[in-house]
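Scroll down for the structure; my scribbles are underneath it.
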Amino acid sequence: MTTARTAPRDGDAPPEGALDAAQHALRAEHAAVYGYGVVGGRIGEDRRKEAREGHDAHRARRDTLHRTVRDLGGEPEASAAAYALPFPVPDAAAAARLAAELEERVAAVYADLVRASEGGLRRDAAGALREAAVRAVRWRGGSVAFPGLAERSAPAGPTDEPGDGPASAGPSEL
């Protein structure tokens, strides 16, 4: 993880939308930390180390984003007490699917942060997107064409315009 300066210099305004995108990324990291708690409780021994590493990575990113939101002039949002899981997680196979889903959703919000930022914050967001995409591939066993960009990974329908597509996953849900 880099330690690049992510806040604007004194007198410089952050890029429009950077604070909102950073706040969304913070919410997604809160949800990922919670979700990895579920993953860790259900994953098999053979992947427990991988789950612990993912959990630790998201905790570190969450803490960095907390500082970044403050540096951008915002008040970091606190974690929710619990998050709705996208599906039941009764066993190790479901836990691995949940981990992949968490990583894909985190990658999506970091893609938004890359678009909304510049400089050190953009570099950090791009690194976080890359890390989440790599973890998603490891958990899922396959990749997508454009990690974090759901609207680019599916072909456009007959009435869809390029770039029209679902926004990134809602941060209040896993």
Interatomic distance, CG@Asp112 vs OG@Ser117, rounded to 0.5 Å, equals 10.5 Å

Residues passing the salt bridge (Lys or Arg N to Asp or Glu O under 4.0 Å) test with Arg97, sequence neighbours excluded, are none

Salt bridge (Lys or Arg N to Asp or Glu O under 4.0 Å) filter on Arg70, not counting sequence neighbours, yields Glu75

Here the pair of heavy atoms bringing Ala94 nearest to Pro88 is CB-O, 3.8 Å

Closest non-hydrogen atoms of Ala92 and Gly44, given as atom of the first, atom of the second and distance, are CB-N, 3.6 Å

Of all heavy-atom pairs linking Ala95 and Arg42, the shortest is CB-CB, 3.7 Å

Report yes if some heavy atom in the side chain of Leu98 is under 4.5 Å from a heavy atom in the side chain of Pro86; otherwise report no. yes

Is there a side-chain contact between Leu121 and Leu72 in this structure, where contact means two heavy atoms from C-beta onward sitting under 4.5 Å apart? yes

Taking every heavy atom of Ala25 against every heavy atom of Leu113, the minimum-distance pair comes out as CB-CD2, 4.3 Å

Taking every heavy atom of Ala126 against every heavy atom of Val114, the minimum-distance pair comes out as N-CG2, 3.5 Å

Across all chains, not counting sequence neighbours, the salt bridge (Lys or Arg N to Asp or Glu O under 4.0 Å) partners of Asp63 are none

Between Val106 and Ala132, the two heavy atoms sitting closest are CG1-CB, 4.1 Å

**Item:** Side-chain touch Leu26/Arg62, heavy atoms, less than 4.5 angstrom
**Value:** yes

In this structure, NZ of Lys49 is separated from CD1 of Ile43 (nearest 0.5 Å) by 14.5 Å

Donor-acceptor list for residues 28-40 side chains, cut-off 3.5 Å, not counting sequence neighbours:
{"unit_1": "Glu29", "atom_1": "OE1", "unit_2": "His58", "atom_2": "ND1", "d": "2.5"}
{"unit_1": "Glu29", "atom_1": "OE2", "unit_2": "Tyr110", "atom_2": "OH", "d": "2.7"}
{"unit_1": "His30", "atom_1": "NE2", "unit_2": "Glu77", "atom_2": "O", "d": "2.9"}
{"unit_1": "Tyr36", "atom_1": "OH", "unit_2": "Glu103", "atom_2": "OE2", "d": "2.5"}
{"unit_1": "Tyr36", "atom_1": "OH", "unit_2": "Trp139", "atom_2": "NE1", "d": "3.0"}

For Arg48, the salt bridge (Lys or Arg N to Asp or Glu O under 4.0 Å) test, sequence neighbours excluded, returns Glu45

Flag the pair Arg61 and Glu131 as a salt bridge only when some basic side-chain nitrogen lies within less than 4.0 angstrom of an acidic carboxylate oxygen.
yes

By side chain to side chain donor-acceptor pair (under 3.5 Å), Arg122 pairs with (sequence neighbours left out) none

